[in-house]
Amino acid sequence: MTRFDPSFLWGAATSGYQIEGAVTEDGRTPSIWDTFSATPGKILGGDTGAVAADHYHRYPEDIALMSQLGLRAYRFSLAWPRIQPDGRGPANPKGLDFYRRLTDTLLEHGIQPWPTLYHWDLPQPLEDKGGWPARDTAERFAEYASLAYEALGDRIPAWTTLNEPWCSAFLGYATGRHAPGRREPAAAVRAAHHLLLGHGLAAEAMPDARVGITLNLTHVTPRSNDPADLDAARRIDGMQNRLFLDPLLRAAYPEDVLDDLGDITGTDHIRPGDLKTIAAPLDFLGINYYAPMLVAHSTEPTPSAYVGSPFVDIADGGRPKTAMGWEIDEHGLHDLLLRLRADYPEVPLYVTENGAAFDEAIHDTARIAYLDGHLRACARAITQGVPLKGYFVWSLLDNFEWSYGYSQRFGIVHVDYPTQRRTPKDSARWYAAVIERGGL
Ligand code: IFM
């Protein structure tokens, strides 16, 4: 049997806009995702998060389910527009009350609450003032963090500032695939910096808290040893991984990436002292891993999220794929974990998301195989000295998968949206057994 240490933290993850619904209740105001999903043509099928999995009302039932599955931790996100509806100023007591009830119920069931402060739902008034490309948003984020920390700090064992700032910056402001849907490469690069700065300022605003950040990282391989392919892979690794890891863990942006981006935006938005703020010691690093990337040089320019690197092609590695079209390769997770250990100062690691969408309803054997493979990859990395302390499956519930609407189901628990009935899939039962025996 592949065993994990008894202290290994077994969890599942969700996020606010993807499951809560109740978007106009108790003083919540629109976020950029409400605006974006109300814009025709942005979301498959015209879906929105207005009702989602109705978790805002059904959280007691959902927590009872988590308890039956034996989860030790639950990763969720706080909706900024519930807590601070204008994105500035005083907290909305009703918004905080919801998260107090949620965290208290989790604690009553012996489940650690792991909130993320920002999982993409920027209050619309802040986007109207410039969004993440504007430096002020980083300051506002720290103010919001301090309100959340003041209200909930006594019951939270670990805070995550941001989820996947790469997506917020480059899908939100470069490709426009995500809210707010802007296509402004230079703004995207500034957004990336201000997100990191917001992380650092928020950490400062939560003294004594255990604080980490979650990045969506990948393992990048060049398609060949041809110098052009090697350069393409360097660029993608730079934009996807090192643009975030280096400032956080080495207090410096990678020079080669700054060079790649030089013509796009320059570095004036990076002020003296910013990198010191960003690189304040992390209590943990969260890793969201789904798929590896095989990268090749392309002779034709292709617009993509990889601002400054148009001549790259994300190649098909020929492996089986999930319903999202993402290649399945657990070795990528193993190699990524070892790379983090080799290239960066040691910091406790958590896989804060890993999972897959498949077109299977309840008998989800493909998901079980995916999770089993990736957990084995984690176990191998741990035996090789990687300080991996926990794993959160994405996702607890089927939910609103952003621009794909409800067409993609990542949950280990099936949600029948018309009735909101929850049914644990085979993978949920399998995961519960893994947790109970502490291994595979
Ligand atoms: O659903 C998302 C989540 O919000 C962030 N990480 C990736 C997941 C699957 O696409």
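Both ligands and their constituent atoms are indexed starting at 1 by order of listing. Note that the coordinates shown come from a computational prediction; the quantities given were computed from them, not determined experimentally.
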Ligand 1 to [X] polar contact by distance, N or O atoms, under 3.5 Å:
| X | value |
| --- | --- |
| S15 | no |
| E401 | yes |
| E353 | yes |
| W120 | no |
| W326 | no |
| N163 | no |

Item to complete: Evaluate the ring planes of F170 and F244, with Trp represented by its six-membered ring, and classify them as parallel (under 30°), tilted (30 to 60°) or perpendicular (over 60°).
Response: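 F170 vs F244 ring planes: perpendicular.
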Search all heavy atoms of [X] against all heavy atoms of [Y] and return the closest pair with its distance.
| X | Y | result |
| --- | --- | --- |
| L333 | H374 | CD2-O, 3.8 Å |
| V351 | C378 | CG2-SG, 4.2 Å |
| T214 | P165 | O-CD, 3.4 Å |

Worksheet entry | Per-atom contacts of ligand 1 with E164, taking only distances under 4.0 Å to non-hydrogen atoms |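 In order of numbering, the contacting atoms are 5 (C), 6 (N), 7 (C).
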Fill in: Proximal atoms of ligand 1 relative to F410 (non-hydrogen, under 4.0 Å)
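With F410 as reference, the close atoms of ligand 1 come out as 9 (C), 10 (O).
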